[in-house]
Every structure is written in C-alpha cells, then in structure tokens.
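Sequence lines set the chain letters: A, B, ... in the order given, protein chains first and strands last, and positions in each chain run from 1.
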2 protein chains.
Amino acid sequence: MRAEALKGHLDGLLLAALEDGPRHGYAVKEALRDTTGGKFDLPTGTVYPALHRLEQAGLISGSWSVVGGRRRRTYELTDEGRRSLAGARDHWQEFAAAISTALGGSPWPATN
Amino acid sequence: MRAEALKGHLDGLLLAALEDGPRHGYAVKEALRDTTGGKFDLPTGTVYPALHRLEQAGLISGSWSVVGGRRRRTYELTDEGRRSLAGARDHWQEFAAAISTALGGSPWPATN
DNA sequence: CTCCCATGCGTAGCGTTACTACCTATAGCG
DNA sequence: CGCTATAGGTAGTAACGCTACGCATGGGAG
C-alpha cells in the first residue's frame with residue numbers, strides 16, 4: 001500500500017493509535033502497522049516528524065522517559081487532540097462517501 | 001470539503017467522470033461537482049493540470065473541437081485509462097477499508 | 001452599446017506533507 | 001565483534017492540489 005495516498009489522513013490515524021492510551025513513537029508505528037494488517041507500515045522518517053507536528057499543534061503531548069537504557073518519548077492525546085480525532089472521523093466518513101459515490105462501481109463493498 | 005485530502009485520489013475521480021463518455025475539461029469539473037453533491041467543486045487550476053497529467057500518462061486522449069466559437073478539448077478514456085480506473089477502484093476500496101479500520105469508531109457507517 | 005458574467009482553457013509559483021536516506025544509541029544474540 | 005531490533009532524530013526531495021492570475025467568446029443586463 002503506497003502511503004503517499006495518506007496525504008491529509010495520517011494525522012487522524014496517529015491520533016486514533018493514541019486513543020487507547022499513551023504510546024511512544026515506535027509503538028504508534030507498530031500499532032498502525034498491526035491495525036491495518038500490515039498495509040500501512042510507515043517508515044520512522046514519516047512517523048516521527050508527523051508526531052512532532054501533532055505535538056506542536058497541541059493535539060498530543062509528549063514526555064521523555066528512560067526504559068532499559070533507551071530514552072522514549074511517550075505521547076498522549078490532549079483534549080484538543082480528542083476533539084480533532086472526532087473531527088477527523090467525521091471528515092473521513094464524509095470524504096469516503098463522496099469518493100465512493102464519484103468513483104462509482106459498487107459503493108460500499110468493504111471487506112465482505 | 002477540503003480537496004487537499006484528495007492527494008492521490010483525484011486521478012481516479014477524473015477517470016470515473018470520463019467513463020460515461022467523452023467530456024471536455026469544464027464538463028468533467030461540473031460532473032465531479034454534481035456527483036459529489038457539491039463536495040468536490042474543484043478549481044479549474046486543479047482540474048486542467050490533472051487532465052494534462054492523465055493525458056501525458058496515456059490514460060486519456062484529448063482532441064480539440066470548436067463549439068460556439070469556443071475551443072474545447074474533449075477527453076476520452078483510453079484502454080489503459082479504463083484499466084487504471086479499475087485499479088483505482090480496487091486500490092480505493094483497500095485503502096478505505098484500511099483507514100476505516102485504523103481510524104476505529106463505527107467501521108462502515110456510510111450514508112445509510 | 002457597453003460591461004459583466006458564465007463558459008472554457010491555460011500557466012506560474014506556493015505550501016503542505018510523506019518520502020528516501022542517513023545519523024545516533026542501547027540491548028541482546030550469534 | 002558485528003548484526004539486528006528497538007528507539008529517536010534530521011536533511012533534503014518530490015508530488016500534487018492550491019491560489020492567483022491571464023486569455024478568449026457569447027449572451028444577457030444595464
């Protein structure tokens with residue numbers, strides 16, 4: 001799965017990965033890979049800058065810790081991040097419905 | 001609807017708009033606006049360059065005509081364009097399913 | 001008759017954003 | 001001792017839709 005198509009949707013996915021609870025960057029990457037069945041196995045060079053963006057935007061907040069001699073930056077959703085995630089879900093559904101309609105063919109075949 | 005999220009999906013939509021039959025650029029733009037209920041009312045500066053890209057890629061072929069003193073470039077799908085459209089549909093479904101899963105919440109609320 | 005608007009095509013430059021490629025560091029295993 | 005997985009990071013690139021323009025014609029408003 002080419003991740004280029006993600007443009008504009010990655011942020012929502014990262015927020016969703018943090019909804020279950022705080023995670024550090026590497027774990028976010030793995031969670032995303034697992035929940036998508038390996039379809040979105042993003043390079044770290046995509047994930048880390050994106051997390052930095054989200055933090056700067058105030059959607060997540062990070063804190064350093066050290067586990068097993070390795071420093072970790074653990075992120076968790078802020079209230080604004082939670083709101084943004086809800087918005088991203090709404091936006092996605094609207095977007096997906098519009099694309100599916102315009103693209104034609106069977107509208108919602110999903111993974112049946 | 002912010003069309004920025006279209007990144008990587010616009011081409012498929014344009015191809016789909018040409019599936020019913022040949023259309024000129026402006027008509028493609030209108031068709032897209034109508035089939036999406038006004039959600040994707042793309043500026044011409046988005047549509048024309050995209051059509052040029054598709055033509056260069058050999059997915060559509062264009063020909064000039066003059067209607068009412070105005071020149072028109074009418075495009076139609078090539079065989080390769082038709083194949084690409086089918087691929088775009090497959091790709092979209094896979095992509096949408098993956099995003100929906102990762103984004104969580106209600107998986108396929110669609111427009112029920 | 002003139003001006004504006006819808007139609008119709010087009011380009012130049014910009015900004016966002018994911019990508020590739022690379023760097024640092026530790027722990028554990030062969 | 002080197003390789004791999006884990007864990008974090010940066011620099012530079014490229015794609016692509018966007019904004020903001022420009023050109024032209026025909027028809028309707030004034």
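- With sequence neighbours excluded, the residues forming a side chain to side chain contact (heavy atoms under 4.5 Å, CB included) with B:R33 are B:E30, B:D41, listed by chain and number.
- Contacts between residues 56-69 of chain B and DNA chain D, defined by a heavy-atom separation under 4.0 Å, are made by B:G68, B:G69.
- Between A:R53 and C:dA18, a side-chain N or O to OP1/OP2 separation shorter than 4.0 Å is present.
- Distance alone, capped at 3.5 Å, is enough to place a donor-acceptor pair between the A:T101 side chain and the A:A97 backbone.
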As a quick check of understanding, evaluate side-chain contact (heavy atoms from CB on, under 4.5 Å) for A:W92 and B:I99, giving each step before the final call. CA-CA 9 Å; A:W92 164 253; B:I99 297 275; 3.6 Å; yes

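- With the nearest nucleotide of DNA chain C identified for both A:R71 and A:A50, A:A50 has the one nearer the 5' end.
- Look at B:T46 and you'll find a side-chain N or O under 4.0 angstrom from OP1 or OP2 of D:dC18.
- Regarding B:L10, its CG atom lies at a distance of 8 Å from the P atom of D:dC18, rounded to whole Å.
- Taking CG of A:L10 as the reference point, atom CZ of A:R53 lies at 6.5 Å (rounded to 0.5 Å).
- Applying the 4.0 Å criterion to OP1 and OP2 of D:dA24, one finds that B:R70 has every side-chain N and O outside that range.
- Of the residues in residues 23-37 of chain B, not one comes within less than 4.0 Å of DNA chain D through any heavy atom.
- In this structure, the CG atom of B:L51 is 14 Å from the C1' atom of D:dC16, given to the nearest Å.
- Taking atom NE2 of residue B:H9 and atom P of nucleotide D:dG17, one finds them 10 Å apart after rounding to whole Å.
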Self-check item: side-chain contact (heavy atoms from CB on, under 4.5 Å) between A:Y75 and A:V28, worked out
Solution: CA-CA 9 Å; A:Y75 295 100; A:V28 167; 5.7 Å; no

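- Remark: P of D:dA15 and CG of B:L6 are 19 Å apart, rounded to the nearest angstrom.
- Classified by interplanar angle (parallel below 30°, tilted 30° to 60°, perpendicular above 60°), the ring pair A:F95/A:H9 is tilted.
- Per the geometry, NZ belonging to B:K7 stands 13 Å off P belonging to C:dG15, to the nearest Å.
- In this entry the distance linking CG of B:L42 with C1' of C:dG8 reads 16 Å, nearest Å.
- Distance CZ (B:R72) to C1' (C:dG10): 16 Å, rounded to an integer number of Å.
- A:T78 contributes a side-chain N or O that, together with a main-chain N or O of A:L59, makes up a donor-acceptor pair within less than 3.5 Å.
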- Does the side-chain contact (heavy atoms from CB on, under 4.5 Å) test come out yes or no for B:R83 and B:D79, once each step is laid out? CA-CA 6 Å; B:R83 277 194 297 274; B:D79 288 345; 4.2 Å; yes

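- Listed pair A:Y48 / D:dG8 meets the phosphate criterion, a side-chain N or O lying under 4.0 Å from OP1 or OP2.
- Between B:S84 and B:L15, the shortest heavy-atom contact is OG-CD1, 3.8 Å.
- D:dC18 atom P lies 16 Å from atom NE2 of B:H52, rounded to whole Å.
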